[in-house]
Protein chains: 2
Amino acid sequence: MTKKYSPKDVSGRIVARLALYLGILKDLEKVQPEINSIELAQRMNTTAVQVRKDLSTFGEFGVRGKGYSVSALIREIESILGIDKENEVILIGYGHVGKMIACNTNVLGKGFKLTAVFDKDSRKIGKEIPNLNIKVSDASKCLEYIEKNKVHTVILAINAEYAQVVANQLIHSGVEAILNMTASKLELNSNTAVVNADISAKLKELNFWRINPELRGGINFD
Amino acid sequence: MTKKYSPKDVSGRIVARLALYLGILKDLEKVQPEINSIELAQRMNTTAVQVRKDLSTFGEFGVRGKGYSVSALIREIESILGIDKENEVILIGYGHVGKMIACNTNVLGKGFKLTAVFDKDSRKIGKEIPNLNIKVSDASKCLEYIEKNKVHTVILAINAEYAQVVANQLIHSGVEAILNMTASKLELNSNTAVVNADISAKLKELNFWRINPELRGGINFD
DNA sequence: TAGATTGTTAATCGATTAACAATC
DNA sequence: TAGATTGTTAATCGATTAACAATC
């Protein structure tokens with residue numbers, strides 16, 4: 001059950017690609033039952049060898065001479081990413097970004113369930129969140145909630161200037177993973193996982209590639 | 001004025017880091033006028049050598065024996081990323097994600113101005129966007145608008161299943177850059193720049209690192 | 001001049017690709 | 001068995017790091 005991958009074989013790039021493979025496979029699921037590395041590579045804008053190498057890092061999922069079963073591969077990748085079960089997450093910050101995440105269950109995707117939302121603004125506290133059966137709670141109760149409910153994943157959607165302070169508190173409370181939606185780069189000497197999903201940074205990257213078309217030789221600049 | 005960097009020296013990673021350096025420097029601007037590569041590296045969770053290498057790819061911005069001027073470095077990086085001037089962008093899709101972007105000018109950050117918003121839903125068309133002086137337009141007018149106004153950058157925040165079709169049309173209309181907020185991986189044989197900013201993919205990555213703490217040896221898994 | 005820190009050239013490390021053996 | 005396509009081992013390529021020369 002508990003698969004063991006070697007640290008030297010799993011890189012950040014591979015994990016990022018895994019999430020992309022999954023997206024492609026989900027699109028494909030209704031249309032065709034099987035796929036080979038060549039076609040998957042085309043859709044990923046990469047090479048067939050990389051597809052096979054990536055997948056084989058985690059196990060032998062294909063059938064030689066044939067290819068991969070789309071549905072089986074989806075299940076494998078979901079299992080690798082730990083989204084075959086439902087993971088509880090909480091959201092801190094109910095501003096524009098927070099609201100978008102809270103009001104749109106699609107945004108989180110399969111495997112994640114939003115169980116609580118916190119904000120420090122008294123005008124927002126107590127507001128009902130559409131579709132989910134929860135209300136915005138007072139941010140001052142947040143750490144208590146985390147410890148009581150053993151929350152392991154937090155989406156941080158607060159003002160950038162408070163991000164570092166709040167993150168420190170979260171880690172102290174035992175949080176293992178933070179999705180950082182703020183423009184602030186979090187400094188964490190602990191072993192908490194942090195992934196940045198700040199839109200403005202992405203837009204800046206994009207703009208660089210736009211104004212320097214001659215530099216986008218390589219295929220991948222996600 | 002027009003700086004020329006060699007393609008072999010500029011990688012996607014460097015550009016991504018550039019946007020992060022900028023964020024750190026902006027935080028720092030009010031607090032201290034100068035910084036050296038050692039301190040900047042600490043805040044970035046990387047090494048001083050990498051900081052210097054990254055920056056020197058684009059020019060000589062530092063003073064030997066001293067370090068870098070925070071404000072000058074900010075200006076340089078903004079210039080490299082092309083956000084020292086205002087770039088017009090349009091938004092396609094006024095659902096939860098689109099609304100979040102349109103209603104929150106902060107989200108785009110410096111250097112970008114939202115000039116038009118499109119949606120195909122007749123209930124949304126005509127709606128006034130708070131703070132910006134624009135209304136949601138009919139998506140059917142979108143391509144015409146792009147061609148007329150020479151729009152080069154589009155934020156795509158529509159349903160994943162339409163993403164590929166719309167992207168093809170955008171490229172045909174001369175769009176140079178797409179910020180893809182959808183969960184769909186866009187296949188583009190043209191030389192349009194695309195950067196993905198799908199939140200659910202990031203959350204999946206994050207979850208992998210959470211459940212495999214022994215694999216997060218390296219510092220950087222953004 | 002001595003001390004500090006940058007920018008660059010060379011060495012190492014890691015990730016991608018090529019070649020091929022395994023097997024359906 | 002022949003054809004196809006996977007999974008893996010070895011070779012190449014690119015990115016990071018180390019060493020050091022430049023210079024404030």
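Protein chains get the first letters and strands the later ones, always in sequence-line order, with residue 1 at the start of each.
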(request) Sort out the partner of D/dT17 for me: Watson-Crick or G-U wobble, both distances under 3.5 Å, none otherwise. (result) C/dA10
(message) Rounded to whole Å, please give me the gap between CZ in B/F61 and P in C/dT6.
(response) 14 Å
(request) For A/D54 and A/Y21, test the side chains for any donor-to-acceptor distance below 3.5 angstrom and give the result as yes or no. (result) yes
(request) Measure the distance from CD1 on A/I35 to P on D/dT5 and round it to the nearest whole Å. (result) 12 Å
(request) Round to the nearest Å and state the distance from A/Q50 atom CD to C/dA18 atom P. (result) 12 Å
(message) Tell me the interatomic distance from A/I14, atom CD1, to C/dG14, atom P, rounded to whole angstroms.
(response) 13 Å
(request) Would you check, one step at a time, whether the test salt bridge (charged side-chain N to carboxylate O under 4.0 Å, His left out) holds for B/E78 with B/K26? (result) CA-CA 11 Å; B/E78 285 181 341; B/K26 289 258 189 146; 3.1 Å; yes
(request) Considering only NZ, NE, NH1 and NH2 on the basic side and carboxylate oxygens on the acidic side, decide whether A/E88 and A/K113 come within less than 4.0 Å. (result) no
(request) Kindly give the heavy-atom pair with the smallest separation between A/N45 and B/K185, and that separation in Å. (result) CB-NZ, 4.4 Å
(message) What is the separation between atom CD on A/E76 and atom P on D/dT6, rounded to the nearest whole Å?
(response) 16 Å
(request) Determine: side-chain N/O of B/Y68 to OP1/OP2 of C/dA4, distance under 4.0 Å, yes or no. (result) no
(request) Scan nucleotides 19-24 of chain C nucleotide by nucleotide, 5' to 3', and note B when protein non-hydrogen atoms come under 4.0 Å of the base, S if they reach only the sugar-phosphate, - if neither. (result) ---BBB
(message) Is the phosphate of C/dT5 approached by B/S37 (side-chain N or O, under 4.0 Å from OP1 or OP2)?
(response) no
(message) Checking side-chain polar atoms at under 3.5 Å, does B/E34 have a donor or acceptor matched by the opposite partner on B/S69?
(response) no
(message) Can you work out whether B/K53 or B/A48 has the more 5'-proximal nearest nucleotide on DNA chain C?
(response) B/A48
(message) Less than 4.0 angstrom between a side-chain N/O of A/R17 and OP1 or OP2 of C/dT16, yes or no?
(response) yes
(message) Please report the distance, rounded to the nearest Å, between CG in A/N45 and C1' in C/dT16.
(response) 16 Å
(message) For B/F118 together with B/Y94, are the ring centres under 6.0 Å from each other?
(response) no
(request) For A/L40 and D/dT5, give me the distance from atom CG to atom C1', rounded to whole Å. (result) 14 Å
(message) Using whole Å, what does the distance between atom P of nucleotide C/dG7 and atom CG of B/D54 come to?
(response) 12 Å
(message) Which nucleotide, if any, forms a Watson-Crick or G-U wobble pair with C/dC24, using both distances under 3.5 Å?
(response) D/dG3
(request) Using the side chain to side chain contact (heavy atoms under 4.5 Å, CB included) rule, pick out the option among B/L143, B/T115, B/I90, B/L170 that qualifies with B/V151. (result) B/I90
